[in-house]
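Single-structure report; data block below.
Quantities reported herein were computed from a predicted structural model and do not represent experimental measurements. One-based numbering, in listed order, for ligands and for the atoms of each.
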Amino acid sequence: MSTQSPHLIRKKVIAGNWKMNKTAAEGAALTREIVEAVGRETLVDTVLCPPFTALESVARALEGQAIKLGAQNMHPEKSGAFTGEISAEMLRTLYVTHVILGHSERRQYCGETDGFINRKVLAALASELRPILCVGETLAEREAGRTLDVVRTQTEAALAGVKPEQITTVIIAYEPVWAIGTGKVATTAQAQEVHAFIRALLTRLHGAALSQKVRILYGGSMKPANAPELLAQPDIDGGLIGGASLEARSFVDLVKAAMAAV
Ligand code: 13P
């Protein structure tokens, strides 16, 4: 195994998940503010994930910048009778490079299963989109002592059939459901424990050399105030940010926190 610092092996990622917020015009305005502060920053991988309807205007505001564009979901099929759905190819034509898959809100409100999420992961990789795969336990699961079991099941199921040469393209986001939008952030020890567990799982699946290269993000009430401590953990390689990504100032501060943690 490499003795290099994990901070040197894995570039940190700060991804903003805007969820169902911002019109096309509002999204472009927010993007322009973020671009002004960190548009050409390459020390950290910065990704903006607006709703589908704002992808085009945000893509335009990102032209010539280092910041990447992500979608919040996609359908695994290439095309067909899937009313209301969006394919990988449609995202690609809008300059999308990343796609959030398996977010707990989609698991909870849209009934997404591990099997369906697995199909999406494979389809995203086949279309050269980087999946940001979300996993995480509910409060009831944590209180029942089932956190690691749940995370193992979700991660293994979603990554079934992913080839060794594809695994470093995948970004994993550990998002404890009880910490999302609640202001209750996981303690650094709780987060680091699960991140290290996911990396050990990846080592078992694909070997240590590859697992050391996979970025594992933390998501759940991450803010500029708690980010430095989280980002200093050896297996926390960035953040998937909800609420704090909707305002340029807090999001830019998170990118700067990741730069400082490099
Ligand atoms: P919050 O940062 O609002 O808790 O949301 C986290 C999240 O769900 C990102 O995908």
Please tabulate, one line per pair, the protein N or O atoms found under 3.5 Å from any N or O atom of ligand 1, giving the distance to one decimal.
{"from": "ligand 1", "atom 1": "2 (O)", "to": "G242", "atom 2": "N", "distance (Å)": "2.9"}
{"from": "ligand 1", "atom 1": "3 (O)", "to": "G243", "atom 2": "N", "distance (Å)": "2.8"}
{"from": "ligand 1", "atom 1": "4 (O)", "to": "G181", "atom 2": "N", "distance (Å)": "2.6"}
{"from": "ligand 1", "atom 1": "4 (O)", "to": "S221", "atom 2": "N", "distance (Å)": "2.8"}
{"from": "ligand 1", "atom 1": "5 (O)", "to": "K19", "atom 2": "NZ", "distance (Å)": "3.3"}
{"from": "ligand 1", "atom 1": "8 (O)", "to": "K19", "atom 2": "NZ", "distance (Å)": "2.8"}
{"from": "ligand 1", "atom 1": "8 (O)", "to": "H103", "atom 2": "NE2", "distance (Å)": "2.8"}
{"from": "ligand 1", "atom 1": "8 (O)", "to": "E175", "atom 2": "OE1", "distance (Å)": "3.3"}
{"from": "ligand 1", "atom 1": "10 (O)", "to": "N17", "atom 2": "ND2", "distance (Å)": "3.0"}
{"from": "ligand 1", "atom 1": "10 (O)", "to": "H103", "atom 2": "NE2", "distance (Å)": "2.9"}
{"from": "ligand 1", "atom 1": "10 (O)", "to": "E175", "atom 2": "OE1", "distance (Å)": "3.2"}
{"from": "ligand 1", "atom 1": "10 (O)", "to": "E175", "atom 2": "OE2", "distance (Å)": "2.9"}

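A salt bridge is absent between R32 and E36; no separation between the charged side-chain nitrogens and carboxylate oxygens falls under 4.0 Å.
Atom SG of C49 sits about 9.0 Å away from atom CG of L55, to the nearest 0.5 Å.
For residues 162-178, the set of pairs meeting the side chain to side chain donor-acceptor pair (under 3.5 Å) definition, not counting sequence neighbours, comprises H103-E175, E137-Y174, E137-W178, R142-Y174. Listed by first and then second residue, the side chain to side chain donor-acceptor pair (under 3.5 Å) pairs involving residues 81-94 amount to none (not counting sequence neighbours).
Between the side chain of R215 and the backbone N or O of I236, no donor-acceptor pair lies under 3.5 Å.
Partners of F82 by ring-ring contact (aromatic ring centres under 6.0 Å, His included), not counting sequence neighbours, listed by chain and number: H75.
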